[in-house]
Protein chains: 2
Amino acid sequence: MVHGTSAGAGTGGATPGPAGPRAPLTRERVLARAVAIADEQGLAALTMRSLAQALDVKPMSLYHHVAGKDAILDGIVDVVFGEMELPEPGGDWRAELARRARSARSVLRRHPWAVPLLESRAVPGPANLRHHEAVLATLRDAGFSVPMTAHAYALLDAFVYGFAVQEAALPFDAGSAPQVAEAIAAQFSSGDFPRMTELAVEHVMQPGYDFGDEFEYGLGVILDALAASLPGD
Amino acid sequence: MVHGTSAGAGTGGATPGPAGPRAPLTRERVLARAVAIADEQGLAALTMRSLAQALDVKPMSLYHHVAGKDAILDGIVDVVFGEMELPEPGGDWRAELARRARSARSVLRRHPWAVPLLESRAVPGPANLRHHEAVLATLRDAGFSVPMTAHAYALLDAFVYGFAVQEAALPFDAGSAPQVAEAIAAQFSSGDFPRMTELAVEHVMQPGYDFGDEFEYGLGVILDALAASLPGD
DNA sequence: CTACCGTGACTTACTAAGTACGGCTGCGCA
DNA sequence: TGCGCAGCCGTACTTAGTAAGTCACGGTAG
């Protein structure tokens, strides 16, 4: 405790002094820090205590701004949704949905801890709702029927989420891919898994391979299929 | 503790008597119970203590069969993979992959807690490896090139996993769908989300709607696209 | 100027969970 | 018969979430 018992923050309350006598601690600040901790040290490192310490505050103070840890998890999921670009309902639906899908993928790649949370948090936040609404509006404005919109929506989101799950499960970042792949390959070099070995050695471990390219392939397949089902096309 | 301090179980050790003086506690038994607990009470209810109690054993005894909680999580993920039907590499690739996809979906629906674990467990278990190998072999035997196999594999699995994420996020089971949907609809009946309301009221809440049907649509789209990319077709 | 009160942060302490460490017991083998 | 080991248990330490009560400050009414 470098700022004294309580006198440090009490001078004005709003003056952001040199040694940073901390801003008044809002829900937004709490969630932003929580996202930062999860990004940097993983979701497991996000505890009420670590979060409080990062905000230069005692754990129980957080409860004045969020209802509890679950509320924080709900909140940071919605922060993540808020970072995704929304499609523009009026324009070129294909381009808009592609842009939105790529943005969602890159956001989920930046926050891989969010992927498992998408599932466990049943109550959607406002950014989540806005996001879904924009996608639905884009599809409907493009001329898709309601049932076809449901199909398209489910398929697109399944792909985006599923791809995020796969990327999050990749044990290596781009730089260390070869070594790790080799280590894994060594595990099943016994010949028990010839097809996996083939794929790894002949393709995935080759220089220039980027798993992210699979995203463009899948996205193209899906958007092509949707376009083909559009009556006016 | 109704069975006394320790005398109850010590009589024979192997005789599965009437009051069930418990089998010798193996890794398999531990994992099976863990799966059962997660199925019945959710992943959060799976603790070393609850697991031990369900096995009529003290917590620390578990550590003689599994390295720790993480090992249990790895283990039950692999149990889940083991429940999925494998595709037959020789046969009709489209039918085999469809069967495998449907099986995977139904398994993940039965064990929704497994979906977030798929992501966080980087080290694949034996059933997982077998599963991937079988899918890859089916694709290669069908005539897909190695790069195309990578595309197909990523797309198929992204869809299956993503669909599982969506299903796991559904806040209701089939029976209670209408009420919950109505409650949610009431939340945004303010008119802020007209497209979501439209979709919910005109389609999802209609009798006979089953989100699972979206799976068949998406699966068909993907398999059609893969078939179209096959040279000999 | 003073009494009052609401807000926000702090202190303490309880409970649940994972697990390290060491002890006890009964069975197989020499 | 005795010895070692596998399997189980008891105790206790550590971390995490959070309930409950307390304190300091600032604004406002009298």
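Letters A, B, ... mirror the listed sequences (proteins, then strands); counts begin at 1.
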Between Arg100(A) and Asp157(A), does any side-chain N to carboxylate O distance fall below 4.0 Å? yes
Is it true that Arg99(B) and Glu96(B) make a salt bridge, defined as a side-chain N closer than 4.0 Å to a carboxylate O? yes
Would you say a side-chain N or O of [X] is under 4.0 Å from OP1 or OP2 of [N]?
{"X": "Lys69(A)", "N": "dT18(D)", "value": "no"}
{"X": "Ser61(A)", "N": "dC10(C)", "value": "yes"}
{"X": "His65(B)", "N": "dA6(D)", "value": "no"}

Ignoring the backbone of [X], work out which of [options] is nearest its side chain.
{"X": "Met48(A)", "options": "dG17(D), dG18(C), dA20(C)", "result": "dG17(D)"}
{"X": "His64(B)", "options": "dG7(D), dA9(C), dA16(D)", "result": "dG7(D)"}
{"X": "Met60(A)", "options": "dA16(D), dG10(D), dT12(C)", "result": "dT12(C)"}

Scanning both residues in full, the closest heavy-atom pair of Ile76(B) with Leu46(B) reads CD1-CD2, 4.0 Å
Can you check the [X] [atom1] to [N] [atom2] distance for me, whole Å?
{"X": "Leu62(B)", "N": "dA20(C)", "atom1": "CG", "atom2": "C1'", "answer": "15 Å"}
{"X": "Leu51(A)", "N": "dT18(D)", "atom1": "CG", "atom2": "C1'", "answer": "14 Å"}
{"X": "Leu73(B)", "N": "dA17(C)", "atom1": "CG", "atom2": "P", "answer": "15 Å"}
{"X": "Arg49(A)", "N": "dC10(C)", "atom1": "CZ", "atom2": "C1'", "answer": "14 Å"}
{"X": "Leu55(A)", "N": "dC10(C)", "atom1": "CG", "atom2": "P", "answer": "11 Å"}
{"X": "Asp56(A)", "N": "dA9(C)", "atom1": "CG", "atom2": "C1'", "answer": "12 Å"}
{"X": "Arg27(A)", "N": "dG8(C)", "atom1": "CZ", "atom2": "P", "answer": "15 Å"}
{"X": "Tyr63(A)", "N": "dT12(C)", "atom1": "OH", "atom2": "P", "answer": "18 Å"}

Under the side-chain contact (heavy atoms from CB on, under 4.5 Å) criterion, do His132(B) and Tyr153(B) qualify, and how do the steps go? CA-CA 9 Å; His132(B) 289 346; Tyr153(B) 180 79; 2.8 Å; yes
Aromatic rings Phe211(A) and Phe163(A): how do their planes relate, parallel, tilted or perpendicular, breaks at 30° and 60°? parallel
